[in-house]
Amino acid sequence: MVHAILSTLLRGLGVELDESAVTQYVEARGVNMNYYPICPRPDLTVGVGRHSDLATLTILLQDDVGGLFVKVEDNGWIEIPPVEGALVINVGDTLEILSNGRYKSAEHRVIANSTKARVSVPLFASPRSQTMIGPLPGLPEKDGKTVYRKVKFGEYTANYFGATHQGKKTLDFAKITNEK
Ligand SMILES: O=C(O)CCC(=O)C(=O)O
Ligand SMILES: [Fe+2]
């Protein structure tokens, strides 16, 4: 499923990659298992602080409690309500880099609940640590600029986990500040 989603998203950018080229960006899989106990004062605590995911794509299964918020440019935070049987698909930093900044990684956070405990299980589909990530062929030419440099995914990962998250600051590691 992740492979098909990524192929479709890339086709939307006019990028056609063969099967194995797509596979290399989603072949490493990992999960988080998040448990948010009942919190009497959610306003005084942090469920999960604001961040974007490291992965190419995240497929998130949440229960019926809710509390996941995504930042929408100029519109603040909107809650992603749980829909029975539905999965939330998030763009991660890696896809933002691969797409030369066209697909924006989703900045999100989680607020705890004062009456119900919550469980969520995101599945992260990423490259292996030796895989190089950078804007896919053809995109910088089409966009007239190169927004991200090529980095080894393992190095991006080390930087990503090297500091407390502050929103999407993690992407600065690969961003070309003097865009050309
Ligand atoms: O619990 C959620 O809905 C999201 C958790 C999350 O953002 C993460 O594990 O990266
Ligand atoms: Fe996340």
**Test log, rule side-chain contact (heavy atoms from CB on, under 4.5 Å), inputs Ile97 and Leu171** = CA-CA 8 Å; Ile97 294 169; Leu171 275 162; 3.7 Å; yes
**Complete:** Nearest heavy-atom contact between Ala28 and Pro127 is CB-O, 3.5 Å
**Request:** Could I get the full list of side chain to side chain contact (heavy atoms under 4.5 Å, CB included) partners for Ser114, not counting sequence neighbours?
**Result:** Pro42
**Message:** Check whether Arg149 reaches the backbone of Phe173 with its side chain - one donor and one acceptor, N or O, closer than 3.5 Å.
**Reply:** yes
**Asked** Would His108 and Arg50 satisfy side-chain contact (heavy atoms from CB on, under 4.5 Å), going step by step from the backbone distance to the final call?
**Response** CA-CA 5 Å; His108 54 284; Arg50 54 195 287 186; over 6 Å; no
**Request:** Go through the side-chain N and O atoms of Asp172 and Thr170 and say whether any donor and acceptor fall under 3.5 Å apart.
**Result:** no
**Message:** Measuring only between side-chain heavy atoms, which start at C-beta, is Leu17 closer than 4.5 Å to Leu10?
**Reply:** yes
**Request:** Using the side-chain contact (heavy atoms from CB on, under 4.5 Å) rule, take Thr131 and Tyr25 through it: C-alpha gap first, then chi angles, then the decisive distance, then the call.
**Result:** CA-CA 8 Å; Thr131 302; Tyr25 297 124; 4.3 Å; yes
**Request:** Please answer whether the main-chain N or O of Glu96 pairs with a side-chain N or O of Ser105 as donor and acceptor at a distance below 3.5 Å.
**Result:** no
**Item:** Donor-acceptor contact present, side-chain Thr94 to main-chain Ile133, <3.5 Å
**Value:** no
**Request:** Indicate whether the side chain of Tyr156 and that of Asp93 have a donor and an acceptor atom separated by less than 3.5 Å.
**Result:** yes
**Asked** How about Asp53 and Phe124: do any of their side-chain heavy atoms sit closer than 4.5 Å?
**Response** yes
**Prompt:** Is there a donor in the side chain of Arg118 and an acceptor in the side chain of Gln62, or the other way round, less than 3.5 Å apart?
**Reply:** yes
**Arg109/Leu68 under side-chain contact (heavy atoms from CB on, under 4.5 Å): CA gap, chis, key distance, verdict** = CA-CA 6 Å; Arg109 63 184 172 132; Leu68 170 64; over 6 Å; no
**Request:** Compare all side-chain heavy atoms of Gln24 with those of Ser20 and state whether any distance is below 4.5 angstrom.
**Result:** no
**Message:** Looking at Gly92, is its backbone amide N or carbonyl O close enough to the side chain of Tyr103 to form a donor-acceptor pair, meaning the two atoms are under 3.5 Å apart?
**Reply:** no
**Request:** Take Asn113 and Thr115 through the side-chain hydrogen bond (donor to acceptor under 3.5 Å, both in side chains) test and state the conclusion after the steps.
**Result:** CA-CA 6 Å; Asn113 191 287; Thr115 56; 3.1 Å; yes
**Asked** Is any side-chain N of the basic residue among Glu107 and Lys168 closer than 4.0 Å to the acidic one's carboxylate O?
**Response** no
**Item:** ILVMFWY network linking Val88 to Leu95, side-chain heavy atoms under 4.5 angstrom
**Value:** no
**Request:** Give a yes or no answer on whether the side chain of Glu79 reaches the backbone of Gly67 with a donor-acceptor pair at less than 3.5 Å.
**Result:** yes
**Spacing of Ser120 atom OG and Asn34 atom CG [to the nearest 0.5 Å]** = 3.5 Å
**Message:** For residues Ile89 and Val22: do they belong to one hydrophobic cluster (side chain heavy atoms under 4.5 Å, members Ile, Leu, Val, Met, Phe, Trp, Tyr)?
**Reply:** yes
**Asked** In this structure, which one of Thr45, Val48, Ile111 forms a side-chain contact (heavy atoms from CB on, under 4.5 Å) with Tyr36?
**Response** Val48
**Prompt:** Any side-chain heavy-atom pair from Ile5 and Leu57 closer than 4.5 angstrom?
**Reply:** yes
**Message:** Count I, L, V, M, F, W, Y as connected when their side-chain heavy atoms are under 4.5 Å apart, and connections chain through other members. Are Phe69 and Leu87 then in the same cluster?
**Reply:** no
**Message:** Measuring from atom CD1 of Ile176 to atom NZ of Lys150, what distance do you get when rounded to the nearest 0.5 angstrom?
**Reply:** 10.0 Å
**Asked** About how many Å separate CD of Glu16 and OG of Ser7, when rounded to the nearest 0.5 Å?
**Response** 8.5 Å
**Asked** More than 12 non-hydrogen atoms from neighbouring residues, nucleotides or ligands closer than 6.0 Å to NZ on Lys142, yes or no?
**Response** yes
**Asked** Is there side-chain contact between Gln130 and Phe153, with at least one heavy-atom pair below 4.5 Å?
**Response** no
**Message:** To check you understand the geometry: which heavy-atom pair defines the closest contact between Ala125 and Arg29, and what is its length?
**Reply:** CB-NE, 3.7 Å
**Asked** Are any non-hydrogen side-chain atoms of Leu60 and Leu123 less than 4.5 angstrom apart?
**Response** no
**Asked** Under a 4.5 Å cut-off applied to non-hydrogen side-chain atoms, are Glu84 and Asp64 in contact?
**Response** no
**Prompt:** Would Glu73 and Lys104 pass as an ion pair if we require N to O under 4.0 Å?
**Reply:** no
**Asked** So, does Asp63 use its side chain to make a donor-acceptor pair with the main chain of Val65 at under 3.5 Å?
**Response** yes
**Asked** Any donor-acceptor pair under 3.5 Å linking the side chain of His3 with the backbone of Met1?
**Response** no
**Asked** Are Leu54 and Leu6 in one and the same hydrophobic cluster, where Ile, Leu, Val, Met, Phe, Trp and Tyr link if side-chain heavy atoms are under 4.5 Å apart?
**Response** yes
**Fill in**
Residue set satisfying ring pair (Phe, Tyr, Trp, His ring centres under 6.0 Å) with Tyr160, at least two apart, ordered chain then number -> His165
**Item:** Smallest separation among heavy atoms of Gly66 and Pro82, with atom names
**Value:** N-CG, 3.6 Å
**Asked** Does a side-chain N-to-carboxylate-O contact under 4.0 Å join Lys145 and Asp143?
**Response** no
**Complete:** The reported gap from OG1 in Thr164 to NZ in Lys169 (rounded to nearest 0.5 angstrom) is 12.5 Å
**Message:** Contact between Tyr148 and Leu98 at the side-chain level, heavy atoms closer than 4.5 Å - yes or no?
**Reply:** no
